[in-house]
Amino acid sequence: MKNCAIVGINWGDEGKGRMVDLLTQDYDVVVRYQGGGNAGHTVVNERGKFALHLLPSGIFREGVVNILGNGVAMDCENLWVEMQDVMSKDVALTPENLKISDRCSLLLPWHRDLDALEEDRLAGKKYGSTKQGIAPFYSDKYQKKTVMAGELLHPEYLRSHLADILEWKNLTLDRVYGAKTYTMDEIMAWIGEFGEKIKPYICDTGAFLRQAQQDGKRILVEAQLGALRDLDYGIYPYTTSSNSIAAYAPVGSGLPSARIDEVVGVVKAYSSCVGEGPFTCEWFGAEAEALREAGGEYGAKTGRPRRVGPIDLVATRYGVETQAATNIALTKLDVLSYMDKIPLCVRYEIDGVETDRFPFPALLPQAKPVVEYMDGWKCDISGITEWDKLPAAARRYVEYVEQAIGCRIGYVSVGPERDSIILR
Ligand code: GDP
């Protein structure tokens, strides 16, 4: 296995962080290729429990080089908070083990303001943004109206570039939203405070990756969120504003010539979803409460209770296809241990017709889940590390999901800790 991507198959929060943390032992370089600080990976290891938002999950492995690629929304303020947290727990961050692409664009304070202003304007029709500025950031990037991290190394160029953008941005803040505008001094003070902190880590990560590839190094690329939140292939407009799918990894990493040999798709043994948008399998009331509690389903970034429901085989099969997954990690199987019968959404019913194909987003609000049940196992499986030792009912569940989604399940995770994993 050479290059590998670890991606989400569903709506995010599938447990990608724990899989990257586990698999980095076989890799030399870990790269985040999209998104910003708007979601979180939770990693539990011998140093403690960490909620990573921007830092690649390989940061805990000695000898691994971690890269924030050009596709990332570089929020230096949040990154610095996160770096301090990690460093306070004895994890060394140096320009040797953390590199920031000079080509990633900077998420600026007004992106966060605009995100909140627009969500407020939308009121009852909001998209469920985490208000981290991601949508305004990517809009600006594609409009060529933000600055790149590498410009921090060229202060005069940066200042004059920012002055041009500031004039335009203040027009939007003032005339569209009647909101507070920025002065050049304010924005330079922010750059001085947080841009300076990340400056030592900025370099030409594309050149580094090309050399690493030539030297035969093993490269792992890490996504945020999941296939159903991908800007082009997800449940638009309730998607994120970047491409979370593996096909974007070479572009967003800084290694456009890379071939991804293995795509490990992470699937949760049930469904969860944060924020707004259609969620066909959603449970409500006591049933939802029990699953949410069992799975600890509260957002890593926002603490928001996640929406939960049974595994959605229709959406998961679509996610597997979209990600071109070659191997699946099924996580949180242990969470289902309390159930007498395990529910699975096997098809959707739309306008009285059953289908096993994931529909166009406009049809999703009408879709109803067709649910079937399998026997539960009703015992603690969290210490099990061998496939044969899993109760027969749990194995049957995994095998059924595997057959339904059309991809091998090579990893079954039964707990958040690094070792709570069954390799098949
Ligand atoms: P990510 O963004 O895809 O990395 O997912 P999150 O970190 O938001 O959510 C995964 C959560 O589930 C984290 O709190 C993990 O520690 C936890 N977790 C991951 N795998 C397992 C598992 O197999 N069992 C249990 N009980 N928890 C898990």
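One-based numbering, in listed order, for ligands and for the atoms of each. For reference, positions follow the sequence shown, starting with 1.
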**OP:** Check if Gly8 has a non-hydrogen atom at a distance under 4.0 Å from any atom of ligand 1.
**Re:** no

**OP:** Compute the minimum heavy-atom distance from Arg306 to ligand 1 and say whether it is under 4.0 Å.
**Re:** yes

**OP:** Please examine the side chains of Ile6 and Leu220, heavy atoms only from C-beta on, and report whether any two atoms are closer than 4.5 Å.
**Re:** yes

Of the side chain and backbone of [X], name the one, both, or neither that has a heavy atom under 4.0 Å from an atom of ligand 1.
X      : answer
Lys332 : both
Asp334 : side chain
Val266 : neither

Subject >> Lys/Arg-Asp/Glu bridge criterion (N-O < 4.0 Å) met for Glu399, Arg396 >> reply: no

Original post:
Using 4.0 Å as the upper bound for N to carboxylate O, is an ion pair formed by Asp21 and Arg418?
Top reply: yes

Please identify which atoms of ligand 1 are closer than 4.0 Å to at least one heavy atom of [X].
X      : answer
Val414 : 23 (O), 24 (N)
Ser413 : 20 (N), 21 (C), 22 (C), 23 (O)
Arg18  : 19 (C), 20 (N)

Give yes if a backbone or side-chain nitrogen or oxygen of [X] is under 3.5 Å from a nitrogen or oxygen of ligand 1, and no if not.
X     : result
Gly15 : yes
Gly12 : no
Lys49 : no
Gly17 : yes

With no hydrogens and no angle check, do the side chains of [X] and [Y] hold a donor and an acceptor under 3.5 Å apart?
X      : Y      : result
Asp113 : Tyr182 : yes
Thr205 : Asp102 : no
Gln34  : Ser244 : no

Subject >> Contact summary for Glu118 and Tyr177, nearest pair of heavy atoms >> reply: OE1-OH, 2.7 Å

Pairs of donor and acceptor atoms involving the side chains of residues 335-342, under 3.5 Å and at least two apart or interchain, shall be tabulated with distances.
from	atom 1	to	atom 2	distance (Å)
Ser337	OG	Asp334	O	2.9
Ser337	OG	Trp377	NE1	3.0
Ser337	OG	Cys379	O	3.3
Tyr338	OH	Leu291	N	3.3
Asp340	OD1	Lys378	NZ	2.9
Lys341	NZ	Asp375	OD1	2.7

